[in-house]
Amino acid sequence: MLFLRNHKQLANLSFAMNGKIEVQLSPRVQKHCLNLWKDGYHKHAAREAVVQIELALKEKGMVRDKIFGKSLIDSLFTVGGKHKTVKLRVPLGEDLQEQAKHYFSSVFAYYRNYLAHDGSKVDSSIALRILVIASELLDLIDASALSYTDLGGIEGLLKSEVFEDEYQLLGVLKTCNGYAVLGHDAEGLRETIFENYGALDHHLDAVLELDLVQYIITEFEDYPEYGRYEEGGWLELSDLGKKFVEELEKSIEKIEKSNDKS
């Protein structure tokens with residue numbers, strides 16, 4: 001039995017070391033938990049994954065800052081004993097909102113309570129499972145991407161030298177917001193951000209990969225009287241993208257005021 005467990009743990013480690021596990025984990029869980037798991041700190045990795053869910057709930061204003069554990073779980077969907085309207089992002093369909101809420105509350109409580117008070121039975125396999133489940137829960141609250149703090153804010157993103165300055169980053173984000181992409185062809189968008197901001201394909205890739213901008217697939221009415229529709233999508237800012245726009249506008253306002261004085 002011991003051999004089988006060790007064999008399974010080695011298989012899990014091989015799976016993760018070959019890079020396959022990253023596909024199943026959200027960027028946030030990868031950043032904060034995966035190396036702990038790979039280094040053998042299994043219960044610590046699992047505990048950190050749950051902590052990231054708590055932090056995400058507070059960052060998004062879904063719960064108050066100074067509550068934890070059972071109080072945090074109870075306050076997520078109720079306030080003063082009454083139902084609280086919280087909208088989860090449910091990839092399997094909006095008609096499953098209530099089931100998703102029950103799933104979120106139950107699974108989060110199950111793992112969070114055990115990890116907070118013990119965690120000794122969490123081995124490699126259980127920890128890996130918790131990391132995947134935590135990624136799903138983060139996705140349900142639309143917080144699977146790296147947080148504003150993780151990215152180092154505007155200064156951190158600009159230091160990466162992907163974007164030339166605040167103006168270019170703001171221009172790309174504001175152009176993307178609400179942009180309709182007929183036939184999934186983004187050539188017009190590429191031309192617009194290049195002509196106006198000197199932005200190239202890798203700038204567009206960056207705002208999508210960092211989840212500052214989200215692509216929503218839909219159908220556009222072409223000639224509805226003939227029942228003709230065209231597939232496509234539109235771009236919109238994520239909550240993180242909206243925060244970046246807000247901070248960028250403040251930063252640019254300060255820069256321009258400083259330039260006026262000089």
Side-chain angles (χ1 to χ4, degrees), residues 1-60 62-76 88-89 91 100 103-153 155-157 159-160 209-211 239-240:
M1 191 69 166
L2 180 61
F3 168 76
L4 288 175
R5 173 167 285 192
N6 287 340
H7 179 73
K8 189 175 182 181
Q9 289 176 348
L10 286 171
N12 282 336
L13 183 58
S14 174
F15 180 73
M17 294 297 282
N18 288 333
K20 296 176 183 176
I21 187 59
E22 277 85 346
V23 177
Q24 303 298 326
L25 301 181
S26 70
R28 187 164 184 154
V29 169
Q30 285 184 45
K31 177 178 174 62
H32 294 282
C33 312
L34 186 55
N35 283 338
L36 284 170
W37 185 86
K38 286 180 177 179
D39 291 340
Y41 298 102
H42 301 131
K43 72 176 182 181
H44 299 87
R47 190 174 291 152
E48 182 59 33
V50 171
V51 167
Q52 288 304 314
I53 296 170
E54 290 192 357
L55 290 174
L57 289 170
K58 293 173 182 178
E59 286 165 7
K60 294 178 76 65
M62 289 182 166
V63 294
R64 298 192 308 276
D65 280 342
K66 296 182 180 179
I67 58 172
F68 304 92
K70 187 176 184 301
S71 297
L72 181 142
I73 298 163
D74 290 344
S75 71
L76 179 56
L88 297 178
R89 186 175 74 172
Y103 170 73
F104 188 102
S105 298
S106 300
V107 173
F108 181 57
Y110 173 66
Y111 286 116
R112 197 273 178 198
N113 291 343
Y114 177 70
L115 289 166
H117 299 104
D118 189 354
S120 60
K121 295 180 181 178
V122 175
D123 60 12
S124 170
S125 299
I126 294 173
L128 188 57
R129 193 154 56 241
I130 292 171
L131 264 56
V132 173
I133 291 170
S135 296
E136 182 176 23
L137 296 185
L138 285 166
D139 195 47
L140 283 173
I141 58 173
D142 200 14
S144 61
L146 296 175
S147 70
Y148 186 80
T149 303
D150 290 334
L151 292 173
E155 186 178 347
L157 189 54
K159 276 183 179 177
S160 68
E209 288 172 8
L210 292 171
D211 202 34
D239 289 342
L240 182 61

> Does His32 offer a backbone N or O that forms a donor-acceptor pair with the side chain of Glu48 under 3.5 Å?
Replying inline: no

>> How long is the straight-line distance from SG of Cys33 back to CG of Leu128, given to the nearest 0.5 Å?
In response: 11.5 Å

>> Suppose we screen for ring pair (Phe, Tyr, Trp, His ring centres under 6.0 Å). Which residues come up paired with Tyr41, at least two apart in sequence or across chains?
In response: His44

> For the atom pair NZ (Lys43) and CG (Asp123), what is the distance rounded to the nearest 0.5 Å?
Replying inline: 12.5 Å

> Do Asp118 and Ser120 meet the criterion of a side-chain donor-acceptor pair at a distance under 3.5 Å?
Replying inline: yes

>> So which atom in Ile141 and which in Ala56 form the shortest heavy-atom distance, rounded to 0.1 Å?
In response: CD1-CB, 3.9 Å

> Sequence neighbours excluded, which residues qualify as side-chain contact (heavy atoms from CB on, under 4.5 Å) partners of Val107?
Replying inline: Tyr103, Tyr111, Ile133, Leu137

>> Quick one, Phe104 with Ile53, criterion side-chain contact (heavy atoms from CB on, under 4.5 Å). Give me CA distance, side-chain angles, the key distance, then yes/no.
In response: CA-CA 11 Å; Phe104 188 102; Ile53 296 170; 3.9 Å; yes

>> What I'd like to find out is whether the side chain of Arg28 reaches to under 4.5 Å of the side chain of Leu55, using heavy atoms alone.
In response: yes

>> Restricting to non-hydrogen atoms, name the atom on Trp37 and the atom on Ala127 that form the minimum distance, rounded to 0.1 Å.
In response: CD1-CB, 3.6 Å

> Roughly how far apart are Arg47 CZ and Gln52 CD, rounded to 0.5 Å?
Replying inline: 14.0 Å

> What pair of heavy atoms forms the shortest contact from Ile130 to Ala46, and how long is it?
Replying inline: CD1-CB, 3.8 Å

> If only atom types and distance count, is the side chain of Ser135 paired as donor or acceptor with the main-chain N or O of Ser26 below 3.5 Å?
Replying inline: yes

